Amino acid sequence: MVSSAPFNVLRVAMMVVLFVGAFTVMFLMYFKSLPSSPCHPPPSHWARQSQHSQPQPDAPAVSPEVTGANKSVVLLWFWPGDKQFPLSDCRRLFNIDNCRLTDDRSEYSKARGVVIHHSAISDDLSNIPKTRPRFQRWIWLNMDSPSRTRWIEGLKSLFNLTLTYRKDSDIHVRWKVAARRPTDSPFQFPQKKRTVCWLLDTNELESNKSYLFFKELAKHIKVDLLQKSSDQLKGDGYFSVVGSCKFYLSFESSVHTDYITETFTGPLAAGTVPVVWGPPRRNYEKFAPGTSFIHTEDFPDAAALAKFLQNLDSDLVAYMKYFEWWKFYTLQRPFRDERYEYALAICQACRYVGQKKEYRVVKDLYKWFLE
Ligand SMILES: *[C@@H]1O[C@H](CO)[C@@H](O)[C@H](O)[C@H]1NC(C)=O
Ligand SMILES: *[C@@H]1O[C@H](CO)[C@@H](O)[C@H](O)[C@H]1NC(C)=O
Ligand SMILES: *[C@@H]1O[C@H](CO)[C@@H](O)[C@H](O)[C@H]1NC(C)=O
């Protein structure tokens with residue numbers, strides 16, 4: 001059977017109509033999502049820059065603020081958890097030097113960015129500023145998971161930038177596995193003294209499913225429980241103790257996309273093999289090589305996982321495969337001094353404000369974060 005010509009013509013015509021329609025919709029979507037900058041008067045420094053310098057078409061634009069005393073000021077409105085560190089440390093720790101951080105609220109009116117920690121905001125919003133200069137961007141800092149994030153009425157579209165653990169934040173905060181450079185110190189395989197370890201902190205186990213899983217696992221394999229408060233685990237001692245375990249149970253307190261915390265990055269950096277409980281494997285693989293950890297979801301039950309760990313424990317060649325990624329990548333140790341818990345987030349906010357100037361409004365903060 002040969003299909004009739006008129007039918008083919010009709011089909012081609014339909015395809016053209018569909019294609020043009022889809023293209024129009026996509027164009028409109030793109031057009032509507034363009035930043036709204038033309039609607040706002042540009043910040044004063046833009047005008048200054050165009051008067052005084054005429055950048056070459058391809059030359060990177062050098063903001064006058066980057067030089068000398070005129071760096072973008074970023075104001076830290078609250079100290080998250082009252083964990084204070086010297087703000088000048090962003091330069092020493094992360095080589096960030098294109099902005100100036102302050103916690104002095106009298107500099108509010110000239111601040112280009114204001115970092116506001118979610119959990120410190122009062123329910124009636126009375127402890128955050130009422131008005132803001134046009135050029136100023138408010139940055140929503142929240143490192144908690146959605147299950148621990150309190151809903152505060154009125155924050156829906158108050159912010160310009162998001163600063164969270166989520167990969168789709170404007171400013172994404174995370175210790176990352178990075179490509180190894182020749183200057184990076186080589187990986188030192190830590191001496192192993194224990195098989196499976198867990199740093200117990202039951203208060204944090206909101207999703208007790210992981211605790212039940214642990215109890216089941218412990219029936220089949222010995223698990224050394226490390227006490228969070230023990231002196232051995234203070235400061236950098238943490239890395240030698242955790243590194244001395246062949247496997248470490250990196251169980252997150254609740255399961256959310258991208259919510260992969262120091263429970264994972266700490267042990268990974270310490271040189272153990274994390275056994276993870278949290279978002280799916282493919283989510284972990286966005287942040288670390290798939291061969292660097294063991295995922296509980298890869299096993300039908302705790303007994304099967306225990307069997308697998310026992311086999312690896314007695315097969316050094318197979319076990320060492322979990323460390324091959326160190327040849328190509330490296331991971332800096334997260335800070336152990338808790339004053340620095342938010343340093344990476346705060347410093348990154350500063351760098352971002354120093355670098356990028358565009359206007360933006362987060363349309364519906366909770367819809368994005370909580371749903
Ligand atoms: C910084 O800006 C002020 C005015 O905005 C100007 O008077 C001063 O010379 C600038 N300083 C530097 C070091 O660029
Ligand atoms: C989770 O575990 C804690 C301590 O083991 C317990 O007090 C709490 O009731 C548990 N919560 C749920 C939802 O099972
Ligand atoms: C920041 O967000 C506010 C509130 O949504 C908006 O009015 C303001 O224009 C935004 N500012 C910038 C610099 O993007």
Side-chain angles (χ1 to χ4, degrees), residues 29-51 60-66 70-78 80 90 96 98-143 146 149-164 166-173 345-371:
M29 280 168 71
Y30 168 74
F31 190 74
K32 289 202 88 170
S33 68
L34 282 179
S36 53
S37 45
C39 309
H40 299 268
S44 55
H45 72 275
W46 286 358
R48 226 171 46 225
Q49 184 179 338
S50 55
Q51 273 166 22
V62 177
S63 161
E65 288 159 307
V66 175
N70 287 347
K71 293 174 187 173
S72 298
V73 173
V74 177
L75 171 63
L76 185 60
W77 190 255
F78 304 113
C90 291
I96 293 174
N98 61 343
C99 54
R100 183 168 65 78
L101 269 170
T102 176
D103 59 356
D104 178 357
R105 290 187 181 180
S106 72
E107 296 202 68
Y108 177 72
S109 61
K110 65 175 168 192
R112 301 221 161 250
V114 179
V115 177
I116 303 180
H117 187 224
H118 178 80
S119 68
I121 302 174
S122 63
D123 284 336
D124 58 0
L125 310 185
S126 60
N127 61 356
I128 59 173
K130 301 279 171 298
T131 58
R132 73 182 100 170
R134 277 182 168 268
F135 57 79
Q136 188 176 79
R137 285 171 297 170
W138 285 16
I139 304 165
W140 187 65
L141 167 60
N142 183 19
M143 295 300 284
T149 298
R150 164 174 134 265
W151 179 285
I152 304 171
E153 213 54 61
L155 292 191
K156 196 176 148 192
S157 50
L158 208 54
F159 287 92
N160 306 96
L161 297 167
T162 51
L163 173 64
T164 82
R166 268 182 47 171
K167 215 177 161 118
D168 58 354
S169 307
D170 298 296
I171 313 165
H172 175 221
V173 190
I346 293 166
C347 295
Q348 276 184 315
C350 188
R351 167 154 56 197
Y352 187 98
V353 171
Q355 252 169 13
K356 303 195 182 175
K357 312 283 177 204
E358 74 271 11
Y359 275 82
R360 192 180 126 75
V361 176
V362 179
K363 290 228 171 61
D364 191 337
L365 186 66
Y366 290 134
K367 191 169 171 12
W368 169 70
F369 192 73
L370 296 179
E371 278 175 16

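The figures that follow rest on heavy atoms only: side chains count, while hydrogens, waters and symmetry mates do not. Every number for a ligand or one of its atoms is a count from 1 in the order of the listing. Computed from a predicted model, the values in this text were never measured in an experiment.
Every atom of ligand 3 with a heavy atom of Q136 under 4.0 Å away is listed here by number and element: 11 (N), 13 (C). With ligand atoms numbered from 1 in the order given, ligand 3 contributes 4 (C), 5 (O) to contacts under 4.0 Å with heavy atoms of S157.
Listed by chain and residue number, T162, R360 satisfy the side chain to side chain donor-acceptor pair (under 3.5 Å) test with D170 (two or more places apart in sequence, or in another chain). By the side chain to side chain contact (heavy atoms under 4.5 Å, CB included) test, K156 is found to be paired with D364, residues two or more places apart in sequence or in another chain being considered.
With F159 as the fixed residue, the side-chain contact (heavy atoms from CB on, under 4.5 Å) test singles out one of V114, L141, I116, I139: I116.
For R134, the heavy-atom gap to ligand 3 drops under 4.0 angstrom.
For ligand 3, one of its N or O atoms has an N or O atom of N160 under 3.5 Å away.
Residue contacts with ligand 3 for R132 involve side-chain atoms from C-beta outward but no N, CA, C or O (heavy atoms, distance under 4.0 Å).
The closest side-chain donor-acceptor pair between T102 and D104, if any, does not fall under 3.5 angstrom.
Ring planes of W151 and Y366: parallel class, angle under 30° (limits at 30 and 60°).
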